[in-house]
Amino acid sequence: MSGKIIDGKKISKSILLELKKEISELDEKPKLSIILCGDLIESVIYTDIKKKKGTEIGIDVEIHKFPDDIKQEKLIKKIKELNKESDGLIVQLPLPKTLETNKVLSAIDPAKDVDGLTPLNFGKTFIGQEELVPATPLGIIRLLEEYNINIKGKDIAIIGKSNIVGKPLAFMLANRGATITLCNNNTKDLNEKTLKSDIIVSATGKPGLITKNMVKQGVIIIDAGYGKKDGKAYGDACFDEIKEKASYITPVPGGVGPMTVAVLLENTLKAYKRNKNGQI
Ligand code: GUN
């Protein structure tokens, strides 16, 4: 039996369509500000996609570009200004090494924090009060729900402990009753962890990291990795060989990636509505 493909592109399109309809009924356009420091090619591409998709559904998306040697105080001052005039504000990561990511992110107004990365929103997610949560983890949970994949009671291995994907996803899946193994670069015997997992989520950006002998029959693979080899995009999982063993698998591209963009824009509309209603 060959695994069913989880079609993130299709699901993200239906989310965007719903958002477009809802936004068309508003009196004004929600505004999303994106801060981009430096010219890392992946970040330039991701922010351009966010702008393109946002604009298509009626969100006013503005990318604010800064050189990679921008001073932290100047960046924080700019964030504080943009907090006032935006409904949603994100700082594209990774930041240049000279900047302290946590300090920069802490300058974002939690009510505008549509990436869910400020200490307040991160903490709320941790305690199960999920309000503004990071887009990739929420996109992954949406994919599982959309395909009626039960989370409760499942053994789930997450590979990659980043603040954008692995850590918040671990809390969010634990909030839903799963048992989580959060793996990282130093994990011993990764195979042993992945082999006993019902669901594996990988977000490392190392193409080919997960091979078919690392997974059990019927596994569900959610591939949030993105790496390029010879100009072609690859996920962390060896798709063709694992597909034969998996019950479900996300492709790269067309799986998790488009969901991240759709959920970010959904968060922007959510923040817009919450701010209009005076909720934080
Ligand atoms: N870099 C890669 N993915 C993301 C994301 O979802 N949000 C931000 N801010 N930076 C990223």
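Read the numbers this way: they start at 1 and go in the same order the structure lists the ligands and their atoms.
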Which protein heavy atom lies closest to atom 9 (N) of ligand 1, and at what distance to 0.1 Å? Asp115 OD2, 2.6 Å
Donor-acceptor contact present, side-chain Asn275 to main-chain Ala111, <3.5 Å: yes
Distance-only N or O hit between ligand 1 and Leu117, under 3.5 Å: no
So is there a nitrogen or oxygen of Gln92 less than 3.5 Å from a nitrogen or oxygen in ligand 1? yes
Ionic contact status for Glu130 with Lys124, cut-off 4.0 Å: no
Please identify each residue that fulfils salt bridge (charged side-chain N to carboxylate O under 4.0 Å, His left out) with Glu100, with sequence neighbours left out. Lys103
Closer than 4.0 angstrom, basic N to acidic O: yes or no for Lys52 and Glu56? yes
I want to know if ligand 1 touches Pro94 in the polar sense, i.e. an N/O pair below 3.5 angstrom. no
Flag, side chain of Asp223 to backbone of Gly225, donor-acceptor distance under 3.5 Å: yes
Check whether Asp236 reaches the backbone of Thr204 with its side chain - one donor and one acceptor, N or O, closer than 3.5 Å. yes
Atoms of ligand 1 close to Val91 [distance to a heavy atom under 4.0 angstrom, numbered from 1]: 8 (C), 9 (N)
Return the residue, atom name and 0.1 Å-rounded distance of the protein heavy atom closest to atom 10 (N) of ligand 1. Leu93 N, 2.9 Å
Part of Ile164 with heavy atoms under 4.0 Å of ligand 1, whether side chain, backbone, both or neither: side chain
